[in-house]
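Just so we're clear, the structure is a prediction, and the values are computed from it rather than from any experiment.
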Amino acid sequence: MRIDKNQIQDTNQKYIAEHTKHFDFLSSLLSRKGYEIDSIINKLSDFQVAIPSWALGAGGTRFGRFSFQGEPSNLEQKIDDVGILHALTRTAGAISLHIPWDVPNDYNAIKEVANSHGVTFDAVNSNTFQDQENARESYKFGSLSNTSKVIREQAIAHNIDVIKIGDKLGSKSLTVWLADGTNFPGQANFQTALTNIQNSLKDIYGELPDDWKLFIEYKPYEPNFYSTVIQDWGTSFMLANECGDKAYTLVDLGHHLPNTNIEQIVSTLMLKGKLGGFHFNDSKYGDDDLTVGSIKPYALFLIFNELVYGMENNPQNPYPAWMIDASHNTKDPLEDLMQSLEAIQEAYAKALLVDQNLLREAQVNHDVVKCQELLQDAYRTDVRPLIQKARLDLYGALRPLESYRSLNIRKNLIKERGTNSVASGL
């Protein structure tokens with residue numbers, strides 16, 4: 001299924017007058033304060049978030065999985081769904097594949113499908129957190145950290161295969177997340193496990209093409225609850241430094257213990273030139289994989305405030321890779337992803353309104369109240385007209401979710417794919 005510009009423009013007619021009124025008011029207000037509106041809109045237009053292939057279907061829990069029907073059952077259909085999101089939002093211009101769920105049968109054909117939607121291939125993700133069909137060895141007790149050299153070699157070989165697959169598609173990065181860890185004290189030697197992962201990552205790093213990056217993800221718990229080998233950003237940072245200049249830490253917003261100051265982690269990594277990318281989601285308790293901005297929108301804004309500062313002041317850090325990582329257990333996956341994209345754009349736009357010079361001056365003068373007011377003034381601004389203008393300039397939908405529903409996209413997907421199609425992944 002595809003959406004053409006005329007369909008989107010037809011749905012926009014209902015909202016165009018209201019949008020113009022709100023945009024003119026906001027742009028006039030911000031211009032009087034010294035903001036360059038065109039510059040902000042250009043940054044919003046350029047901002048692209050990768051959609052994970054595994055999030056295009058219904059998510060699952062330990063207790064059950066409930067399909068939304070019309071799910072993409074193959075890679076071509078997954079790319080088509082990202083194309084729908086990108087046509088509506090104009091900010092979903094990349095897809096992140098998970099191997100072996102998304103191994104192409106015909107690489108040229110897959111690239112043609114992606115090109116037709118204006119979609120590129122972001123980071124490819126390896127999978128050693130579950131046993132694969134016909135695998136000779138099991139990852140029950142770990143993969144890259146396993147005490148068995150044979151098992152470690154199998155996991156290393158899988159990651160190298162993923163690099164080769166991504167290279168054929170035009171991807172430029174590999175993301176490694178490991179479930180390796182323990183459930184009970186004494187189950188493993190911490191130093192041995194960390195040393196094994198360090199050596200394994202070095203072997204994988206050595207196979208990276210010159211223009212690739214390695215993203216090392218971390219998580220404090222789950223599926224193991226006594227220890228995980230890469231449990232925090234410091235361990236990931238250390239491993240990235242051990243690997244080399246092309247290795248970076250990847251921050252998943254759900255992969256932290258409660259009340260962790262994620263914005264401080266972001267700032268530190270950018271200062272050290274080691275923030276590789278983001279997995280966006282939201283949480284109440286832990287790795288809940290909820291819609292971005294649905295629980296802690298102000299925390300998301302504070303993170304983006306540090307990102308905006310870092311992108312302006314830390315040239316030693318590459319431009320981060322952005323990706324959503326969520327599980328859609330009760331919502332239409334495409335609707336949930338649109339809500340997440342909107343929340344990310346809002347947080348970014350609000351962070352662009354923080355006057356960093358005034359904030360720095362207030363910080364130097366220890367004017368704590370002024371610091372808070374500057375941040376909250378930007379956060380309280382309704383930036384939706386700016387985001388809508390950025391989409392409108394790119395022939396996107398003023399209100400993507402309303403357009404999605406008025407065009408009956410889910411109903412058409414069900415009609416096209418049937419009620420029993422199920423997306424691969426968790």
Side-chain angles (χ1 to χ4, degrees), residues 1-23 44 48-49 51-59 65-73 77-93 95 117-119 280-282 289-295 297 324 326-346 382-423:
M1 178 181 176
R2 294 173 183 267
I3 309 172
D4 63 42
K5 295 178 182 178
N6 292 330
Q7 288 177 291
I8 293 175
Q9 295 310 308
D10 287 344
T11 65
N12 283 344
Q13 292 307 310
K14 181 179 178 181
Y15 311 109
I16 191 70
E18 181 183 7
H19 160 71
T20 301
K21 178 182 177 181
H22 290 166
F23 175 76
L44 292 172
Q48 298 294 313
V49 181
I51 304 299
S53 62
W54 60 92
L56 294 164
R65 183 182 188 277
F66 303 95
S67 175
F68 285 91
Q69 303 182 344
E71 293 184 18
S73 58
Q77 291 179 353
K78 290 180 180 180
I79 297 173
D80 286 341
D81 279 10
V82 175
I84 290 171
L85 291 172
H86 191 45
L88 292 169
T89 67
R90 305 312 301 166
T91 192
I95 184 171
H117 290 292
V119 170
F280 291 107
N281 47 55
D282 209 338
D289 275 347
L290 300 178
T291 314
V292 182
S294 60
I295 305 292
I324 294 171
S327 180
H328 319 295
N329 299 319
T330 57
K331 293 180 181 177
D332 178 324
L334 296 183
E335 291 190 347
D336 186 280
L337 287 164
M338 280 185 280
Q339 289 180 314
S340 287
L341 289 167
E342 183 81 1
I344 293 168
Q345 285 279 69
E346 281 193 33
D382 184 357
V383 295
R384 287 177 295 178
L386 299 177
I387 299 169
Q388 290 173 342
K389 182 63 164 64
R391 280 200 295 262
L392 192 62
D393 288 349
L394 296 172
Y395 304 100
L398 281 172
R399 298 185 180 183
L401 184 56
E402 283 84 347
S403 295
Y404 176 85
R405 291 189 168 188
S406 66
L407 292 171
N408 295 314
I409 291 175
R410 177 55 61 184
K411 290 182 180 179
N412 288 323
L413 288 174
I414 294 172
K415 181 179 179 181
E416 178 181 305
R417 300 171 182 172
T419 59
N420 297 317
S421 60
V422 177

Going by side-chain hydrogen bond (donor to acceptor under 3.5 Å, both in side chains), name the residues that satisfy it together with S294, two or more places apart in sequence or in a different chain.
none

Tell me, with the steps shown, if L413 and D81 meet side-chain contact (heavy atoms from CB on, under 4.5 Å).
CA-CA 9 Å; L413 288 174; D81 279 10; 4.0 Å; yes

Flag the pair L44 / V383 as yes when at least one side-chain heavy-atom distance between them is below 4.5 Å, and no otherwise.
no

Atom CG of N420 with >12 non-hydrogen neighbours under 6.0 angstrom:
no

To the nearest 0.5 Å, what is the distance between CG on N6 and OG1 on T11?
11.0 Å

G57 versus R65, closest heavy-atom pair with distance:
C-NH2, 4.3 Å

Once you round to the nearest 0.5 Å, how far does NE2 of H117 lie from CG of D80?
4.0 Å

Quick one: are V82 and L337 in side-chain contact, heavy atoms under 4.5 Å?
no

So, does N12 use its side chain to make a donor-acceptor pair with the main chain of L398 at under 3.5 Å?
yes

E342 versus I387, closest heavy-atom pair with distance
OE1-CG2, 4.2 Å

Show the nearest heavy-atom pair for residues N329 and S327, with the distance to one decimal.
OD1-OG, 3.2 Å

Heavy-atom side-chain contact between I344 and I324 under 4.5 Å:
yes

Contact check, side chains of Y395 and Q9, non-hydrogen atoms, under 4.5 Å:
yes

Salt-bridge criterion met for D332 and R405 (N-O under 4.0 Å):
no

So how far is it from Y404 OH to L88 CG, rounded to the nearest 0.5 Å?
9.0 Å

Search all heavy atoms of S67 against all heavy atoms of A58 and return the closest pair with its distance.
CA-CB, 4.0 Å

What pairs with S340 under side-chain hydrogen bond (donor to acceptor under 3.5 Å, both in side chains), at least two apart in sequence or on another chain?
none

With rounding to the nearest 0.5 Å, note down the distance linking CG in L56 to CD in E71.
9.5 Å

Between S73 and Q77, do the side chains contain a donor N or O and an acceptor N or O under 3.5 Å apart?
yes

To the nearest 0.5 Å, tell me how far Q388 CD sits from R399 CZ.
6.5 Å

CG-CE distance between L341 and M338, expressed to the nearest 0.5 angstrom:
8.5 Å

Should I51 and H86 count as side-chain neighbours, where that means a heavy-atom distance under 4.5 Å?
no

Exceeds 12 heavy-atom contacts within 6.0 angstrom, atom CZ of R417
yes

So, for D282 and I295, which heavy atoms are closest and what is the spacing to 0.1 Å?
OD2-N, 2.8 Å

Nearest heavy-atom approach of G396 to R90 is CA-CG, 3.5 Å

Side chain proximity check, S406 to K14, heavy atoms < 4.5 angstrom:
no

Determine whether more than 12 heavy atoms belonging to other residues, nucleotides or ligands lie under 6.0 Å from atom CZ of R410.
yes

